[in-house]
Amino acid sequence: MSIKFLPPLRLLNPSPPVTRFPLMNVGLSINTRRSIPIFSRVFPFKLKYPGFSSRFSTRSFRPGTTGSRPEFTRRTGAERERGEARTSKSLVEDEAELSDWVSDLRTNSFRGRVTSEDESDSDMGRHNRSKRGPGRDRDSGSNRGGGREGFSMKRRRESDSDEFGEPTRRRTESTFGPPRKNRGTLGLQNEKRGQGERDLWLKRDDKGVKGERGFIDDDDDEVDDGEDERKGLMRNLGGLVTEEESDDDDDGDNGNGIFEKNALSSTGLKKEFDMKDRPSLSSSSDSFMSETRFDQCSISPLSLKGIKDAGYENMTVVQAATLPVIVKGKDVLAKAKTGTGKTVAFLLPSIEVVVKSPPLDRDQKRPPIIVLVICPTRELATQAATEANTLLKYHPSIGVQVVIGGVRIASEQRNLQANPCQILVATPGRLKDHIENTAGFATRLMGVKVLVLDEADRLLDMGFRKDIEKIIAAIPKQRQTLMFSATVPEEVRQICHAALKRDHEFINTVEEGTEDTHSKVRQMHVIAPLDKQFPLLYVILKDHIADDPDYKVIVFCTTARVTGLVAGLLGELNLNIREIHSRKAQTYRTRVSNEFRKSRGLILVTSDVSARGVDYPDVTLVLQVGLPASREQYIHRLGRTGRKGKEGEGILLLAPWEEFFLSTVKDLPLTKAPMPSIDPDTKKKVERALSQLDMNSKQAAYQAWLGYYNSQKKVGSDKYRLVELANEFSRSMGLDTPPAIPKLVLGKMGLRNIPGLRTK
Ligand SMILES: Nc1ncnc2c1ncn2[C@@H]1O[C@H](COP(=O)(O)OP(=O)(O)OP(=O)(O)O)[C@@H](O)[C@H]1O
């Protein structure tokens, strides 16, 4: 089914019935995941949202969310500090990278096939990488894949995945029943049943909390989990990286960094929010548009022209909510759902700061960088720079540059020299490289007036924190800081004071009492043992393709190596796929990313490098295979669909022993999908395809899989069980005996002498 959506600004829907959500009290704020502070202000605003052709007719599984009046909260940092601290689960994407990195410790034969010409990490990057280790490398942008490549003598071939079959567009009999327009990929007719099952499951889960060791339901447990998970990762890192690196990490963990210091020292004053200048906001539980036009705000005429050319007329809710505060010079921490225009929200006022600054003196030896935007991934940084260029169309004298890993640092240095820019978009690792190694760069940074942390919670997570601390130390204290994300765990709120001024405002556009995800995105989970997962993946995709010839699917996998394996399998099965992960050269990643942005009838198989921020329009399905690294990561991955108020679909495919994850997202409308049936032919076809896959890719995937789950506390804490599961995964790839792993690697993983593992 072709989905045709009206432009978001065109339709004005009647306001849904209004339900006012009471503010939560302090007690609740302690125990509730999305705790709302007692000082939060509630702003009623007019409702206006785009019309949608309804793909799914009911939302019965999402009780109590429709018709709610949106609430929009703003708090000052001081107010926030009075709230209860809850150390939320760490965003440990690191594990995936860690496991891949661990994979590289072995003496591999599979790497040295063909040297990639694409791979273009700088010497500088390589030099730094040797000191950095996996925690630093995980796309600290700069030395991402390359960091691990540093361990290899040769590089892998990058072009394998270009050879894929044509998309399957033929309409076939749906595996799950009637066409999707009536039901979604996994069958709407089962929605009610799904809800019932979900309820049952929740009850079971409640019971499980008491009966088992409580991974689970209450937030206190999660506090422990978060802590332990972090420690678990640090243990892993500590064992894997050089001593210098371990010390470094310990520093961060022990609170020697500026984040911890500031969090402890901040006292906090309640700051009343001034509503006078507030633009009238429009929203429904799913709307992302406001009623405020850009030309109603104090924005320079040339910026307005650029905005108009970009096709933007009204502001999105987050733009309308943050712009007046930001243009006043205030620091802001903003939370808004995925795909609701946060990029423009921080870029536009930042550009205005440049407009008001003295013009660049071309003869100046070290012209200042005025706006510094930091993004956690290369794709996101590139995308933000593209958006900035769009907005700057009529500001020819304002320049934007990107510095990211995977690009030769020397060429970036030349660019920085030749075309001095006022706006710099960067990934943290590469930015740090420039601070340390590019002549005059540190001086230029002393001109920074605005610092933006996009995906702030990710950047403040420990994987990036050290780099961010160093970057913050390299820019003036007197600056404006803007932090944006779709997820702002309590932990981040506690440490954000290090970067934000004490009187900053927390602007939360996610209304009270609603989910962090979009209600127009239908979310389902399928629980199936590992030996069924590859056939199921194929069946789900085939069904979706059959149902929607204009399909555009993203499949998320746990690690880069597993992503490579899954991409290989789906390619072997003649699905039209592309792959993006840290093992791919940046030029390849950029090319595939651009292609996917424009395409239909394509499946992108990817690791978490595509989880956040990347704006691929009209993604019809997000399929997550295996345990997401965190609740936040689940939300961001899901957020690749249903952007700009559109509909979408998300399926989470878990093994029974991963089912515990559901308790971390139990506030989200995730329903149990009916089990798709796998006919014998499909099973055979998948087995045949698996047998065609390169042994090396299976070996690498096995090791990466083991590394990833080893660092997931709830799976990895029982090493014996972990190995049993890993061997189940190995069998699911069609291997009779699990691949052998170098002793050194097993030692680093803490898995020596665990029965079931083969060593070499
Ligand atoms: N005022 C506007 N009117 C219409 N479309 C807009 C407006 N502002 C931004 N957009 C578009 O909305 C889409 C989503 O924006 P963006 O990528 O900034 O979302 P986001 O909130 O940062 O998402 P994520 O949380 O996934 O990073 C983009 O395609 C962007 O061009």
Side-chain angles (χ1 to χ4, degrees), residues 5-11 48-50 279 281-283 286-297 299 303-304 306-323 334-350 373-377 379-391 425 452-459 482-488 507-510 516-518 521 554 593 597-598 608-619 622 632-646 648 650:
F5 295 107
L6 291 165
L9 299 175
R10 300 269 292 278
L11 288 186
K48 174 185 176 184
Y49 54 89
L281 298 178
S282 319
S283 180
D286 239 10
S287 171
F288 78 114
M289 293 308 301
S290 80
E291 282 188 335
T292 313
R293 293 192 317 274
F294 282 103
D295 59 17
Q296 290 173 290
C297 296
I299 292 168
S303 293
L304 280 177
I307 286 163
K308 203 170 167 216
D309 280 13
Y312 309 149
E313 190 179 338
N314 280 35
M315 294 190 199
T316 67
V317 170
V318 65
Q319 290 159 6
T322 53
L323 195 79
K335 176 178 169 181
K337 289 186 188 182
T338 51
T340 58
K342 291 187 283 295
T343 316
V344 171
F346 62 71
L347 281 179
L348 189 57
S350 301
V373 180
I374 306 180
C375 303
T377 65
E379 280 77 12
L380 195 46
T382 311
Q383 185 180 288
T386 306
E387 185 79 272
N389 272 318
T390 305
L391 300 179
V425 187
V452 178
L453 300 186
D454 190 13
E455 308 294 343
D457 55 331
R458 182 73 191 93
L459 290 174
L482 312 175
M483 295 190 184
F484 281 74
S485 184
T487 51
V488 183
I507 300 179
N508 182 5
T509 66
V510 181
D516 286 344
T517 52
H518 294 286
V521 176
I554 304 183
S593 179
R597 184 167 282 117
K598 291 180 211 137
D608 275 343
V609 296
S610 309
R612 284 175 176 256
V614 197
D615 188 43
Y616 295 126
D618 304 315
V619 170
V622 166
E632 285 75 20
Q633 210 64 356
Y634 170 83
I635 291 170
H636 285 278
R637 285 162 152 199
L638 183 77
R640 297 318 97 206
T641 186
R643 297 180 76 73
K644 299 212 277 182
K646 292 183 179 176

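Values in this document were obtained by computation on a predicted structure and should not be read as measured data. For reference, positions follow the sequence shown, starting with 1. Order of appearance sets the numbers: ligands from 1, and atoms from 1 within every ligand.
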Under 4.0 Å from a heavy atom of [X]: which atoms of ligand 1 are those, numbered in the order shown and with their elements?
X      : answer
Arg643 : 14 (C), 16 (P), 17 (O), 19 (O), 20 (P), 23 (O), 24 (P), 26 (O)
Gly613 : 24 (P), 26 (O), 27 (O)
Arg640 : 26 (O)
Lys337 : 21 (O)
Glu387 : 30 (C), 31 (O)

Do you know which two heavy atoms are closest between Glu632 and Asp457, and how far apart they sit?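 Answer, listing the atom of Glu632 first, then Asp457: CG-OD2, 4.1 Å.
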Check [X] against ligand 1 and report side chain, backbone, both or neither, counting heavy atoms closer than 4.0 Å.
X      : answer
Asn314 : backbone
Gln319 : side chain
Phe294 : side chain
Arg612 : neither
Thr340 : both
Glu313 : neither

Interatomic spacing from OG in Ser610 to CG in Leu380 - rounded to 0.5 Å: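 The CG atom of Leu380 is 10.5 Å from OG of Ser610, to the nearest 0.5 Å.
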Short question: side chain of Lys644, backbone of Gly341 - any donor-acceptor pair under 3.5 Å?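 Judged by distance alone, no pair lies under 3.5 Å.
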Select the closest option to [atom] among [options], judged by heavy-atom distance.
atom                    : options                        : answer
atom 4 (C) of ligand 1  : Tyr616, Phe484, Phe346, Tyr312 : Tyr312
atom 25 (O) of ligand 1 : Glu455, Lys646, Gln383, Lys342 : Lys342
atom 16 (P) of ligand 1 : Thr343, Val318, Thr386         : Thr343

